[in-house]
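Predicted model only: the values in this text are computed from it and were never measured. Letters go in sequence order (proteins before strands), and every chain restarts at 1.
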There are 2 protein chains.
Amino acid sequence: MNKKAGRPRIEEVARRAGVSSATVSRFFSRRDLVSDKTAERIKKVADELGYRPNRLAGSLVTRRSRLVALLVPALTESPFNAMIEAIVDALGERGYTAMLGLTGNKYENMDKVIETALGLRVDGIIVTGVINDPATRTALRSEDVTVVETWGLPLAPIDCAVGFSHHEMGRMTAEFIQRRGYQFPLIVTARGSRAAQRRDGFVSEWAKLTAADYEDIQVDIPYGFGQARSVFRQMRSLATQPDVVICGSDALALGIIVEAGRAGLSVPDDLAVIGLGNRSIAGDMRPSITTISIDGHRIGQEAAKLFHDRAEGKDDGQRIIDVGFQLIERESA
Amino acid sequence: MNKKAGRPRIEEVARRAGVSSATVSRFFSRRDLVSDKTAERIKKVADELGYRPNRLAGSLVTRRSRLVALLVPALTESPFNAMIEAIVDALGERGYTAMLGLTGNKYENMDKVIETALGLRVDGIIVTGVINDPATRTALRSEDVTVVETWGLPLAPIDCAVGFSHHEMGRMTAEFIQRRGYQFPLIVTARGSRAAQRRDGFVSEWAKLTAADYEDIQVDIPYGFGQARSVFRQMRSLATQPDVVICGSDALALGIIVEAGRAGLSVPDDLAVIGLGNRSIAGDMRPSITTISIDGHRIGQEAAKLFHDRAEGKDDGQRIIDVGFQLIERESA
DNA sequence: CTGAAAGCGCTTACAG
DNA sequence: CTGAAAGCGCTTACAG
């Protein structure tokens, strides 16, 4: 209706309630500092007027925006969404609002997005993944924001980090595969530092445990079912056929199982398949998919808490939280 | 390092560049108003100091935050992510920043999230889905924000909307099924207004086209593969076995196909399956999944554009954009 | 428990 | 093309 009415300001509420704007301000931010009868009058007037404090003005003077930038590569086919949800929720409970920045799957927009966040004077930046560019790391260290890195464990975090060791995940996968007696694994690795760490962890452990060979195929993005056909085709043209495929996502694992079925291969007897993520599809698929569970929700909660503790000055050590992961043994491997 | 150094202010840049703060301000917002040699000096000083305008302060005086709230039910197992991505990108290109608000799958946090957005003085609110609560609609109309509703076509949008007709989608599905000669459809409907509209569209058209019966099963969230087992089980206990299942998502359709395969039913001969969304899995599955394609990316782009046009005052009609949808006939039905 | 006053860091008519 | 000045809407020592 009257879109142009203009919002009431604190001064207006103060005048009608017969108090100063300082008192109204206190009513909204520190209720306990105001007497009950004054509070009642203010509340009444504020409600009538539909007064809502302008956070922009408030942040300007307090120098705290209560804004936190969430930096995430993408939202579609992304393994990070449970974490993002948890962060937004946990932040909201603490009075913070999330600003969403898309960095691109190759982090190509990282700098631009950080620039936006800093312009908004966010109190914190929670990054999905570890920031690789040293220049960006250095720049961020000198800024007045708390940075939380997630989904990995940097040796020297910018401020703090919560995640798990991709290298250890690869190592443990090699151990599992060896224990199961598979002879010739195929690793499907995405181009990216996290996948590379898992691969390294796998390769070095595999060499330690067995003299057997292994094969690996690189894909652009490991999250999609869509890569399954091409991966399967490449696999079939290998000189030695692998007996187990290690996938970068449950969706890819599912796709491989579908392709295998169509080619007349039985899973896991002719070909075992291992997923990553423990999305609900992993448990629901037939055969159910052996996978590694990552607790994105937990990472998100810890990340929000870590940020908050530091923002409140409760904690300023260089914390690194390892939430670990869990191998879920099911039918596919 | 010196986290507490405090950011340089515009006055500092002005002093060192030997100009007034007004000129520095103009350099950053309206470069053309500043002479080249002055601009050069300002740029040099600003770079040295690492000056970055405080958007909070700027927004306070211009009364434009360049912030847009994106309201979305959830991020996991969500069909809206491609739209959200497109919105964030399109908004970014236009100089706007996205604030993320999670409304919950049943919109239970809608009011709280809107309150947060209004406190931040966002210039716009882009809602995933149509806001159902009449009180909220009324309240929003009197606020000084542009509201864009998406993923549906409200009869009387708060401001404007971009989406498609769920009713028409249901109608078209009935037509397709009848044309294919299926006799006894089972609709799997989520509890929610969009799904209800599709169901209504289906049911009324089906009654028009045939005297045949139909069955329907309600599920909580239609997006997951996970509901497939329970739906399939319920289906098997029906007196008459359906010859086609209409699913609320491709993931559910995929799950039904898997369950059918396990039960020895051939798809589509014994049981046809129709998905919704045309996610990549639909095309990659064996058999490939007949589904309805919704162009979330397009909806996102149009939504951002609609918002921007209105924010710039270029357009203030009550626009409704119908992006339609497309039935993709594949192997599963 | 409350108020007067200064100030957060910008932008923008207005005047030149 | 540039500057002085007012003001955006709050919060917070400080004083009472």
Side-chain angles (χ1 to χ4, degrees), chain A residues 4-43 45-46 49-67 95 118-123 143-144, chain B residues 4-43 45-46 49-67 95 118-123 143-144:
Chain A
K4 297 293 144 211
R7 302 212 52 80
R9 289 165 302 106
I10 198 172
E11 201 50 73
E12 171 94 3
V13 178
R15 201 165 40 74
R16 299 208 192 191
V19 294
S20 73
S21 61
T23 302
V24 178
S25 174
R26 290 191 191 99
F27 171 76
F28 281 100
S29 52
R30 308 196 46 188
R31 175 52 244 268
D32 54 301
L33 294 183
V34 177
S35 79
D36 284 352
K37 60 166 67 96
T38 305
E40 210 169 306
R41 281 211 314 287
I42 294 175
K43 181 166 172 24
V45 173
L49 255 43
Y51 173 72
R52 184 183 292 117
N54 183 334
R55 268 178 65 181
L56 261 21
S59 294
L60 187 58
V61 16
T62 59
R63 290 142 174 274
R64 304 190 62 212
S65 63
R66 296 210 150 245
L67 248 24
L118 295 176
L120 265 177
R121 296 299 187 267
V122 298
D123 294 336
E143 295 289 341
D144 192 13
Chain B
K4 297 291 143 210
R7 303 213 51 80
R9 290 166 301 107
I10 197 171
E11 201 51 72
E12 171 93 4
V13 178
R15 201 164 42 73
R16 299 208 193 192
V19 294
S20 73
S21 62
T23 303
V24 178
S25 174
R26 289 191 192 100
F27 171 76
F28 281 100
S29 53
R30 307 197 48 189
R31 173 55 245 266
D32 53 302
L33 293 184
V34 177
S35 78
D36 284 351
K37 60 167 67 97
T38 304
E40 210 167 305
R41 281 210 313 285
I42 294 174
K43 180 167 171 22
V45 172
L49 256 43
Y51 173 72
R52 184 183 291 116
N54 183 332
R55 268 178 66 181
L56 262 21
S59 294
L60 186 58
V61 14
T62 59
R63 290 138 173 279
R64 305 189 62 212
S65 63
R66 295 211 150 246
L67 246 25
L118 295 176
L120 266 177
R121 297 298 188 266
V122 298
D123 293 337
E143 295 289 339
D144 192 14

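Minimum heavy-atom separation, A:Glu143 to B:Arg7: OE1-NH1, 2.6 Å. Across B:Asn54 and B:Leu56, no two heavy atoms sit closer than the pair OD1-N, 2.8 Å. Between B:Val34 and B:Ala39 the shortest heavy-atom distance is CG1-N, 3.7 Å. Taking both residues in full, the closest heavy atoms of B:Ile10 and B:Ser21 are given as CD1-O, 3.6 Å, listed atom of the first, atom of the second, then distance.
Ion pairing of A:Arg15 with A:Glu12 is present here, as a side-chain N (NZ or NE/NH1/NH2) and a carboxylate O approach within less than 4.0 Å. Note on A:Arg63 versus A:Asp123: no salt bridge recorded, every NZ/NE/NH1/NH2 to OD/OE distance being 4.0 Å or above.
A 4.0 Å heavy-atom criterion places the boundary nucleotides of DNA chain D facing chain A at D:dG9 to D:dA13, written 5' to 3'.
If you take atom C1' in C:dG16 and the same atom in C:dT12, they sit 16 Å apart, rounded to whole Å.
No contact: B:Ser29 has no heavy atom under 4.0 Å from any strand. Here A:Arg63 lies in heavy-atom contact (under 4.0 Å) with sugar-phosphate atoms only. Among the protein residues, A:Ser59 comes within range of no part of the nucleic acid, since none of its heavy atoms lies under 4.0 Å from any strand. Here A:Phe28 lies out of heavy-atom contact (under 4.0 Å) with every strand. Within 4.0 Å (heavy atoms only), B:Phe27 reaches no atom of the nucleic acid at all.
Take the nearest nucleotide of DNA chain D for B:Lys37 and for A:Ser25: the residue whose nucleotide is more 5' is B:Lys37. Remark on DNA chain C: of its neighbouring residues A:Ala39 and A:Ser21, the 5'-side contact belongs to A:Ala39, judged by nearest-heavy-atom nucleotide. Toward the 5′ end of DNA chain D lies the nearest nucleotide of A:Arg9, the other residue of the pair A:Arg30 and A:Arg9 mapping further downstream.
Between atom CG of residue B:Leu120 and atom OG of residue A:Ser59 there is a gap of 7.5 Å, rounded to the nearest 0.5 Å. One distance of note links CD1 of A:Ile42 with OH of A:Tyr51; it measures 10.5 Å at 0.5 Å rounding.
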(message) Under the criterion side chain to side chain contact (heavy atoms under 4.5 Å, CB included), I'd like the reasoning laid out for A:Leu118 against B:Arg55: C-alpha separation, chi angles, the key distance, then a yes or no.
(response) CA-CA 9 Å; A:Leu118 295 176; B:Arg55 268 178 66 181; over 6 Å; no

(request) Any chance you could encode DNA chain C as dot-bracket? Rule is Watson-Crick or G-U wobble with both distances under 3.5 Å; [ ] for pairs crossing earlier ones, | for another strand. (result) |||.||||||||.|||

